[in-house]
Engineer: 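Before I ask anything, here is the structure I am working with.
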Amino acid sequence: MALNGDDKDFDWEPPTEAEMKVIQARRDRQDKISKLMGDYLLKGFRMLGECCDVCGTILLQDKQHKNYCVSCQELDSDVDKDNPVLPFFSCFFFRVLPSALNAQAALSQVRERQLAAQSTAPSQAPELNGGPSSSSQASVLVPLPRPEHCEGAAAGGRALLPPPAIPSPAPLPPTPALAPPRPPVVPQNPPLQSMLQEAEEAVLIKLRWATNQLQSSASLESSIQLCSLITSCANSLRSLKELSQ
Amino acid sequence: MCAVQSVGMLPVEHLHLEHVLQTVCVLESVVCRSFGPEGGQVLFTQDTGQAMLSRSGARILTALRLEHPLARMVVECVLKHSTETGDGSKTFIILMASLLRIIHTTACREPHVSRTHTSKAAAETASARHLADKMLAFASEELDDLIAAAVVPYGCCLSWEELSAKSQAHSNNPCVQNLLASFFQSRVGPTHCDLMSNLTCELLTNWKFKNDSPSSSLHFIRDNLAALHTPVSGFPISFSRLVEGQVIHRDFAAPCPRADLQPVKAVVLTGYLQPKLLRAGEVLELGRGEQSEERNIMDFSAWGERSLECVLANLQSLGVSVLLSAVKQSAAVLALATQAEMSIVECVSEDELSLFQRLSGATPVRDCRVIEPEHVATLTFCRPILLGAHRYVHVAFHDTEEKITVKPCSLVLCGLGEGQTDQFACALKDAMRMLLSTWDPIGITAAPFKQCVLEPGCVLPAGGTFELLLNNALLQHGSSCSISDHTNKGVPAVSQLLAKALLSVPRQIYYHSPRRLLQTQTRLLSLTKNHLSIAHNKILTQSHREDGTLTEPCRGEVLMSGSGLESVSCKSQVLLAALQCVSSLLRVDAVLRTHTALHTQSHRRTNISWAGTEDEAED
């Protein structure tokens, strides 16, 4: 449904496939931004008369008078991902967020859920309780970064994996059936030293496995996951060593 | 709006099409979740604990905190439109957003290069402006006729005279109850829509002035609605009812009249019975009388009391036992009235007094020294009525001339909480406005000599029928224009763009079931195809009918069975208003930033003050 005429003044060509895709992507992004902004407005945010310097989107202001740009701080597909230091917003924002804003956020959420699932995977030493092993996992569970944290915080939070104070359960690869038994924290067990040694061995095995996988890994996301696995293995080893001393 | 305070250069921001589009799209995303029969309600809460429940686009938009000047401009337009038509605020925003999107796409594809522009963005904006103006011009000139020819035949005209026939409510014949029921369904939900529409129809029936056009009685009800209904919170809506006579929203200041006294005579006072002669800052000079004794203040107040007693004695001689006062009377008046066994109701609002005056036929007392029988109103009773937590005055009128034609009644509207009651009361107000704009249609063309083509009471089945039919008509009009007139290539494009923009409304309505959209569209298309060849003459005869009644089964009947109704006049006004707003928005070139507070409370119409005081403290 093209408008006729007027082409004598300038030569217009129909957009190419690639340009159409870009236009479509831009339109989708704008729709997403509008929807998010509408959500925030209904939550009591104020729509300011100013635009963001970076992307030109209309700025919102929360009740604490902090300015917020929806596209820069939530849909930042263009902003560098390496920056781990991101502003931490007031807790008001945490209840808000929609899921899967873009592919990266979706993947990071999947990762979080996998981590959460794996930490509750039954891997209790069978000699402790005959029954289901998940009962004492609660004591071993460490607070993982919650999926509700915004994508930026999750990106930054990759560096902040569970604190090494407790022997953290090493995030297992998705084969829970083969998971080696993990030492529980509760100290009424057989000698600590042998448990720690077993734990160390298990962690080292996993570390080796992760390294092998990393060498052959082709996808970005799995590489990131493997690196985080290696980091947590290293942390576990460090804390095991501290415990044994 | 506010004075320029800083001397020197003000920061100027040039508006691009993207900004305008984004602003309106954000507002659209806010309202579209409440749009349509499956739309939800928005619950607004304040820190003070007040809650507001609403599905009305105008209320939702007013409650948002918007500082962006374009957004505020759009909300103002929506408010003004809603004050006139009572309906269609969400449709307004959705149409605006889709018009802007289409204009944006078209303008970016082929910017107007008849003048040199500083940048591509400026060229796009200029081209968009031009396109919007063309669309508005097209709509102002040709849309009315298109609607009359291609949309109205599929609807029908509701008869105002059949309003009281309750049996019609469940039959297949379209009637005012159906129109109201579908309106209330979009405002208060499907549970209570029938109850509300029955109550409203009863109210309208009682207030029907015989030998008068529907629009004049609708005008009367709309103007006096505040005095004609009482919102009561704390009861379920099924407790709502009509009470005979008028409810004055004040309590008795002096004890109530004796119940056995009938008929009750009342007098309306607009001023003070005991004039306030001693006010702060004034000097009262007491003159010397003929006997050269000095007057003192005690004599003066004694004299004042004596004259007051005379007035009350005069009232007693006329048999008056109730005084309705527009102002607060002094304590002496109250004391003397109690002694004389008269009741006083103070601080009655002006509209209630004018309604009382109209119904009772008595003129209000201006000068208390002159009280004639013409000032005395005769009431059947005047007693307190307890509605919820408040006690009001309930009066019923003796048979007067007016009463033969009209049965005065007042609607007691109950709701469980304040938010819900408020929602029902606003829905009632908007329903009256909607009915008025249906029976008093203003055509799209503002030409003074051209008669409005729309018949009063013209309605269509709800559910996007108007938009789909008009879309079809515009596409056909566009193609027929391009066939006949090859040189004028602008016009078909404009009608096609408008047609495309109109489709956004049914898409939103059937957002959750695209299949139903396709079914409706197919059905309408087949109907139009079947009747296109036969019915051309029929259209001409039907649209020129003199009386507004349903004379022959028209195509509209095919579509009517069981569906809701909506007013054609409201729909066409929404479309025109959206086009006007879009073209005004696109004419904005630049935004000047000033340093003063911008917020004015003048346009905030909500009863609960949703604009917090922190808004005022902005620098």
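Keep in mind that the numbers below use all heavy atoms, side chains included, and drop hydrogens, waters and symmetry copies.
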Engineer: Give, as side chain, backbone, both or neither, the part of B:E28 having an atom under 4.5 angstrom from any heavy atom of chain A.
Structural biologist: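 Neither part; nothing is under 4.5 Å.
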Engineer: By side-chain contact (heavy atoms from CB on, under 4.5 Å), which residues pair with B:V31, not counting sequence neighbours?
Structural biologist: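 side-chain contact (heavy atoms from CB on, under 4.5 Å) check on B:V31 returns B:L61, B:K90, B:I93.
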Engineer: At their closest point, which heavy atom of B:F92 faces which heavy atom of B:A578, and how far apart are they?
Structural biologist: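 For B:F92 and B:A578, the tightest heavy-atom pair comes out as CE1-N, 3.7 Å.
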Engineer: Give, as side chain, backbone, both or neither, the part of B:T105 having an atom under 4.5 angstrom from any heavy atom of chain A.
Structural biologist: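 The answer is the side chain of B:T105.
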Engineer: Check whether any side-chain heavy atom of B:V26 lies under 4.5 Å from a side-chain heavy atom of B:H68, and answer yes or no.
Structural biologist: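 B:V26 vs B:H68: side chains apart.
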Engineer: At a heavy-atom distance under 4.5 Å, which candidate from A:L60, A:T57, A:I33 has the highest pair count against chain B?
Structural biologist: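 Winner by heavy-atom pair count: A:T57.
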Engineer: Is it the backbone or the side chain of A:L59 that comes under 4.5 Å from a heavy atom of chain B, or both, or neither?
Structural biologist: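 Neither part.
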Engineer: Name all residues meeting the side chain to side chain donor-acceptor pair (under 3.5 Å) criterion together with A:S219; count only those two or more places apart in sequence or in a different chain, and write none if there are none.
Structural biologist: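 A:S219 satisfies side chain to side chain donor-acceptor pair (under 3.5 Å) with A:S222 once adjacent residues are dropped.
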